[in-house]
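Numbers here are sequence positions counted from 1. Computed from a predicted structure; not experimentally measured.
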Amino acid sequence: MARPWAGVGAALSVLLVGGGVARADWVSSLEAPFRDALTSGSSTVALGTVFLAGVATSLTPCVYPMIAITVSVFGATEAKSKTHGAALSLAYVLGMAALFTPLGILAAVTGGVFGSLLANPFVIAGLALVFVAMALSMFGAFDLALPASLQNRLAQMGGVGWKGAFVLGFVSGLIAAPCTGPVLAVLLTWISTTGRVAFGGLALFVYSLGLGVLFFVVGTFAVSLPKSGAWLEAVKSAFGAVMLTVAVYFARDLLPLPRPVERETWLLGAAGGAFVVGLLFGAIHRSFHDPSTSVRVRKAVGLVFLVGAATAAILWAQALPPGAKIAWLDDYDRARAVAAAEQRPLLVDFGASWCGACGELDRETFSDPRVVSEAVRRNVVAVRVDLSPGKDSAENRAALASYGHKGLPLVVLHEPGGKEASRVTAFMDAEAFLEVLDRLD
């Protein structure tokens with residue numbers, strides 16, 4: 001199953017982008033736990049990230065002001081004790097989870113459809129524009145709020161007690177749509193690429209817990225929260241910058257961006273510098289609602305630098321590390337003919353620019369000096385079948401279909417006689433792939 005979203009998580013911050021065969025690279029060490037968690041199936045780090053996303057969403061202007069108001073309905077007035085307050089607060093959080101969890105399941109179930117659609121440039125462009133629109137909503141260009149009359153009616157549903165708290169939590173998730181919507185879109189897009197139904201439901205359940213943690217604390221312990229202010233707008237701006245970065249990530253193959261062949265230190269340094277400049281100009285802490293034109297202009301310039309930094313980081317992360325590389329052919333039929341005529345092993349790599357796991361295999365596995373050395377030692381014929389937009393063809397599709405496999409990635413290793421020895425259908429690190437090559441013996 002393709003995992004294009006795995007690369008986005010690492011590219012959302014300049015300091016968290018990267019990963020490659022240079023195992024001493026500190027950036028790689030930061031990204032590795034997130035990637036390995038998804039690959040191994042434990043998903044602990046991934047779920048922790050989702051929980052933090054929920055907590056961050058609760059700090060947005062659409063959600064944060066609701067905490068004191070909604071909790072007062074079942075906290076200060078209804079709770080007879082801390083235990084009772086905790087039960088009511090938990091019911092409220094579970095109400096939000098009842099709204100969001102099915103969305104994660106649905107996203108995972110329909111993931112295969114999403115992956116195939118990403119091969120279409122028009123779908124990719126449309127998706128990027130959606131994220132741009134969401135970013136604009138975060139910056140205050142327009143609101144995605146429900147009508148006020150409907151919000152009032154929803155807020156009065158459920159009555160009192162545990163049932164009332166549960167229903168209030170459910171409808172509060174709807175009322176908070178202007179800020180939860182964009183974040184959910186990112187999470188659901190990522191979940192759809194995993195194809196794991198149980199994980200999809202669990203991820204959105206954990207997101208709900210993160211979103212409701214402040215509700216629970218306030219409702220249980222009656223603590224006072226900091227007053228609303230400009231810092232809430234800064235949180236929304238941060239989310240807006242993330243949305244723009246996601247838009248660039250999806251549209252990267254459609255944009256006329258220079259593509260470095262290898263990772264160059266200056267590019268990562270430039271990304272870090274642009275990131276700092278963007279913050280200093282006010283990409284996060286300044287507001288487009290400020291009456292001063294100069295302030296609004298500075299914020300716009302800051303956002304340009306911030307998104308430029310993220311773009312440079314993405315390009316750096318997707319470039320190959322310095323060092324030896326496998327000599328890939330691009331003609332599948334010719335490669336098979338050469339392998340058959342010379343009785344050599346054949347390595348077939350089906351990939352696409354929208355396939356996150358394919359990029360990981362290229363950057364971290366096939367570029368590992370040990371893998372390259374072993375492939376050369378075994379005299380492997382290597383061919384890459386590109387299914388990226390603009391490079392996809394009937395011949396390439398037919399080659400993929402011949403293996404009876406629809407998703408990406410797909411890496412197939414043939415013995416010298418042509419018999420299939422192994423196939424890889426998910427990200428596999430260099431250590432594991434070396435074991436695959438050993439099976440040729």
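The shortest non-hydrogen separation linking Val295 to Ser287 is CG1-O, 4.1 Å. Here the shortest heavy-atom pairing between Ala203 and Leu47 reads CA-CD2, 3.7 Å. A pairwise comparison of heavy atoms in Ser89 and Phe215 identifies OG-O, 4.0 Å as the closest pair. Heavy atoms only, all atoms of each residue included: Ala309 and Ala274 are closest at CB-CB, 3.7 Å. Scanning all heavy atoms of the two residues, the minimum distance from Leu209 to Phe51 falls at C-CE1, 3.7 Å. Nearest approach of Pro102 to Ala97, heavy atoms of both residues: CD-O, 4.1 Å.
Looking at Leu306 and Ile284, their side chains come closer than 4.5 Å, going by heavy atoms from C-beta outward. Counting only heavy atoms from C-beta outward, the side chains of Asp429 and Glu364 never approach each other to under 4.5 Å. Two residues are said to be in side-chain contact when any heavy atoms from C-beta on lie closer than 4.5 Å; Val424 and Leu410 fail this criterion. Residues Phe350 and Val348 form a side-chain contact, since some pair of their non-hydrogen atoms from C-beta on lies under 4.5 Å apart.
Taking CD from Glu395 and CG from Leu400, the interatomic distance works out to 13.5 Å, rounded to the nearest 0.5 Å. The CH2 atom of Trp328 sits 12.0 Å away from the CG atom of Asp386 when rounded to the nearest 0.5 Å. The line from CG of Asn396 to CZ of Arg384 is 12.5 Å long, rounded to the nearest 0.5 Å. Between the CZ atom of Phe170 and the CG atom of Leu99 there is a distance of 4.5 Å, given to the nearest 0.5 Å. Atom OG of residue Ser58 and atom CG of residue Leu211 lie 6.0 Å apart, to the nearest 0.5 angstrom. Note that OG of Ser422 is 8.5 Å distant from CZ of Phe433, once rounded to the nearest 0.5 Å.
For an aromatic pair to be called close, the ring centres must be under 6.0 Å apart, and Phe216 with Tyr92 fails this. Less than 6.0 angstrom separates the ring centroid of Phe100 from the ring centroid of Tyr207. Checked against the 6.0 Å centroid threshold, His414 and Tyr332 do not count as a close aromatic pair.
A donor-acceptor pair under 3.5 Å is formed between the side chain of Ser402 and the backbone N or O of Ala399. For the pair Asp349 (side chain) and Val411 (backbone), a donor-acceptor distance under 3.5 Å is absent. The closest donor-acceptor contact from the side chain of Thr365 to the backbone of Asp362 lies at 3.5 Å or more, if one exists at all.
Taking the ring centre of Phe281 as origin, the terminal cationic atom of Lys299 falls outside the region bounded by 6.0 Å and 45° from the ring axis.
Salt bridge annotation for Asp290-Arg296: absent, with no cationic side-chain nitrogen under 4.0 angstrom from a carboxylate oxygen. The pair Arg423-Glu420 meets the salt-bridge criterion, with a side-chain N (NZ, NE, NH1 or NH2) lying under 4.0 Å from an Asp/Glu carboxylate O.
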